[in-house]
Amino acid sequence: ELGILGANGIVGAGIPIAAGAACSSVLLGQSRVALAFFGDGAADIGAFHESLNLASVWQLPVVFLCENNGFAEFLPVREHLRVERISDRAAAYGIPGASFDGNDVLAVYEAAREAVERARAGGGPALLEAVTYRFRGHYEGDPEAYRTAEEVAEWREKDPIERLRGQLESWGLLDEAAAEEIRAAALAAIDEAVEFAEGSPWPEPEDALRDVYTDLVEEGW
């Protein structure tokens with residue numbers, strides 16, 4: 001009911017799913033726009049190119065948003081990408097492409113708003129690239145031998161939350177008390193979610209078969 005199609009463990013698998021969702025919007029006469037989020041590493045898989053090509057040919061209302069955080073697991077983007085920007089690939093499919101500061105909340109909003117409005121108006125897909133950085137390792141305990149501590153520290157100075165907070169304060173829209181109230185509410189929501197998860201019963205073994213293809217067929221889908 002929220003329009004969220006879920007996540008999966010296959011890198012880039014959400015890209016063709018978003019194209020399919022956009023296609024369904026057209027077939028059903030809806031005005032919905034699909035939005036696919038993926039990383040720089042996923043921009044190298046075949047489904048990325050297939051999805052962009054099909055979306056372009058059919059002028060589907062979908063926005064492909066690459067969160068380029070600089071690394072595909074442990075591989076720096078400069079070692080797996082020859083073009084300067086991932087958004088440059090949009091030209092191959094005849095669709096708009098744009099790169100912007102992914103650590104600037106307002107820049108992200110404006111770029112997304114423009115692409116979504118264009119898609120909803122029948123203008124077709126777009127490829128956006130939010131240039132950002134991954135502060136933490138690929139997994140907990142990652143020794144992070146592929147980058148320096150100085151590089152991480154430099155990027156931490158560009159933390160998008162702190163940057164937005166500074167902007168709002170400079171405009172007189174936020175003060176220390178309000179910022180702390182927001183932070184406390186966020187931490188409380190996290191604590192509540194963790195408490196709910198830890199207090200919930202383990203699923204039954206037969207739950208592993210729920211909502212899979214065979215089960216849906218048996219239910220008459």
Original post:
Between S56 (side chain) and N53 (backbone), is there a donor-acceptor pair under 3.5 Å?
Top reply: no
Original post:
salt bridge (Lys or Arg N to Asp or Glu O under 4.0 Å) between R136 and E140: does it pass, once the steps are laid out?
Top reply: CA-CA 8 Å; R136 300 175 69 87; E140 291 301 318; 3.1 Å; yes
Subject >> Steps toward side-chain hydrogen bond (donor to acceptor under 3.5 Å, both in side chains) verdict (E154, Y133) >> reply: CA-CA 10 Å; E154 180 181 346; Y133 192 80; over 6 Å; no
Original post:
Between the main-chain N or O of S99 and the side-chain N or O of R85, is there a donor-acceptor pair closer than 3.5 Å?
Top reply: no
Original post:
Among the clusters formed by ILVMFWY side chains lying less than 4.5 Å apart, do I15 and V62 turn up in the same one?
Top reply: yes
**OP:** Please check if atom CD in E181 has more than 12 non-hydrogen atoms from other residues, nucleotides or ligands closer than 6.0 Å.
**Re:** no
Original post:
Less than 4.5 Å apart, any side-chain heavy atom of L128 and any of F64?
Top reply: no
**OP:** Test L52 against L127 for side chain to side chain contact (heavy atoms under 4.5 Å, CB included), laying out the working first.
**Re:** CA-CA 8 Å; L52 265 66; L127 173 61; 4.0 Å; yes
Original post:
Under a 4.5 Å side-chain heavy-atom rule over Ile, Leu, Val, Met, Phe, Trp and Tyr, are F37 and V131 clustered together?
Top reply: no
**OP:** Tell me, yes or no, whether the heavy-atom count around R147 atom CZ, taken from other residues, nucleotides or ligands under 6.0 Å, exceeds 12.
**Re:** yes
**OP:** Kindly indicate, with the supporting measurements, whether the criterion side chain to side chain contact (heavy atoms under 4.5 Å, CB included) is fulfilled by L164 and L174.
**Re:** CA-CA 10 Å; L164 179 61; L174 185 72; over 6 Å; no
Original post:
How long is the gap from CD1 on I95 to OG on S87, to the nearest 0.5 Å?
Top reply: 10.5 Å
**OP:** Show your working on side chain to side chain contact (heavy atoms under 4.5 Å, CB included) between R156 and V152 and close with a plain yes or no.
**Re:** CA-CA 6 Å; R156 280 194 177 278; V152 176; 4.0 Å; yes
**OP:** Begin from the C-alpha positions of E110 and F100 and carry the test side chain to side chain contact (heavy atoms under 4.5 Å, CB included) through to its verdict.
**Re:** CA-CA 10 Å; E110 286 299 328; F100 47 86; over 6 Å; no
**OP:** To the nearest 0.5 angstrom, please state how far the CH2 atom of W171 sits from the CG atom of L168.
**Re:** 6.5 Å
Subject >> Close side-chain approach of P125 to Q59, heavy-atom, < 4.5 Å >> reply: yes
Original post:
Taking all atoms of both residues into account, what is the closest heavy-atom pair of E144 and D142, and its distance?
Top reply: N-OD1, 2.9 Å
Original post:
Regarding N69 and T132, is there a side-chain donor-to-acceptor distance under 3.5 Å anywhere?
Top reply: no
Original post:
How far does CD of Q30 sit from OG of S24, to the nearest 0.5 angstrom?
Top reply: 6.0 Å
**OP:** I would like to know whether R165 and D175 meet salt bridge (Lys or Arg N to Asp or Glu O under 4.0 Å); could you show each step before the answer?
**Re:** CA-CA 9 Å; R165 175 177 176 171; D175 57 26; over 6 Å; no
Original post:
Would you call E117 and R120 a salt bridge, using N to O less than 4.0 angstrom?
Top reply: no
**OP:** Can you see which heavy atom on G12 is nearest to which on A42, and at what distance?
**Re:** CA-CB, 3.8 Å
Subject >> Same cluster (ILVMFWY, side-chain, under 4.5 Å), F71 and V11 >> reply: no
Original post:
Judged by atom type as modelled, is there a donor-acceptor pair below 3.5 Å linking the side chain of D207 to the main-chain atoms of E204?
Top reply: yes
**OP:** Determine the minimum heavy-atom distance between A18 and A36, stating which atoms define it.
**Re:** CB-CB, 3.5 Å
**OP:** Group every Ile, Leu, Val, Met, Phe, Trp and Tyr by side-chain heavy-atom contacts under 4.5 Å, then state whether I161 and F135 land in the same group.
**Re:** no
Original post:
How about E84: does its CD atom have over 12 heavy atoms from other parts shown lying under 6.0 Å from it?
Top reply: no
**OP:** Please examine the side chains of P96 and R118, heavy atoms only from C-beta on, and report whether any two atoms are closer than 4.5 Å.
**Re:** yes
Original post:
Can you tell me if R89 uses its side chain to pair, donor with acceptor, with the backbone of A43 under 3.5 Å?
Top reply: yes
Subject >> Co-membership, hydrophobic cluster, residues F38 and V63, 4.5 Å side-chain >> reply: no
Original post:
Can the ring centres of F74 and H138 be said to be less than 6.0 Å apart?
Top reply: yes
**OP:** Consider only side-chain N and O atoms of Y139 and E73, and report whether a donor and an acceptor are under 3.5 Å apart.
**Re:** no
Subject >> Residues, nucleotides or ligands: over 12 heavy atoms within 6.0 Å of I10 CD1 >> reply: no
**OP:** Give a yes or no on whether W58 atom CH2 has more than 12 heavy-atom contacts from other residues, nucleotides or ligands under 6.0 Å away.
**Re:** no
Subject >> Shortest non-hydrogen contact between N8 and G14, atoms and distance >> reply: ND2-N, 4.1 Å
**OP:** Would you give the length of the straight line joining atom SG of C23 to atom CG of L60, rounded to the nearest 0.5 angstrom?
**Re:** 5.5 Å
**OP:** Hey, could you give me the CZ/CG distance between R163 and D104, rounded to the nearest 0.5 Å?
**Re:** 5.0 Å
**OP:** Might you confirm whether atom CD of E206 has over 12 heavy atoms from other residues, nucleotides or ligands at distances under 6.0 Å?
**Re:** yes
Original post:
Are the side chains of R134 and W155 in touch, meaning some heavy atoms are under 4.5 Å apart?
Top reply: no
**OP:** Report yes if the side chains of V83 and L81 come closer than 4.5 Å at any heavy-atom pair, otherwise no.
**Re:** yes
Original post:
If you measure from CD on E176 to CZ on R183, what distance do you get to the nearest 0.5 Å?
Top reply: 10.0 Å
Subject >> Ionic contact status for D88 with R82, cut-off 4.0 Å >> reply: no
Subject >> Residues, nucleotides or ligands: over 12 heavy atoms within 6.0 Å of E79 CD >> reply: yes
Original post:
Is the number of heavy atoms from other residues, nucleotides or ligands within 6.0 Å of CD (E114) greater than 12?
Top reply: no
Original post:
Is there side-chain contact between D159 and N103, with at least one heavy-atom pair below 4.5 Å?
Top reply: no
Subject >> Carboxylate-amine/guanidinium contact D40 R78, below 4.0 Å >> reply: no
**OP:** Please name the pair of heavy atoms, one in A21 and one in L5, separated by the smallest distance, quoted to 0.1 Å.
**Re:** CB-CD1, 3.6 Å
Subject >> Atom of E129, atom of L65 and distance for their closest heavy-atom approach >> reply: N-CD1, 4.4 Å
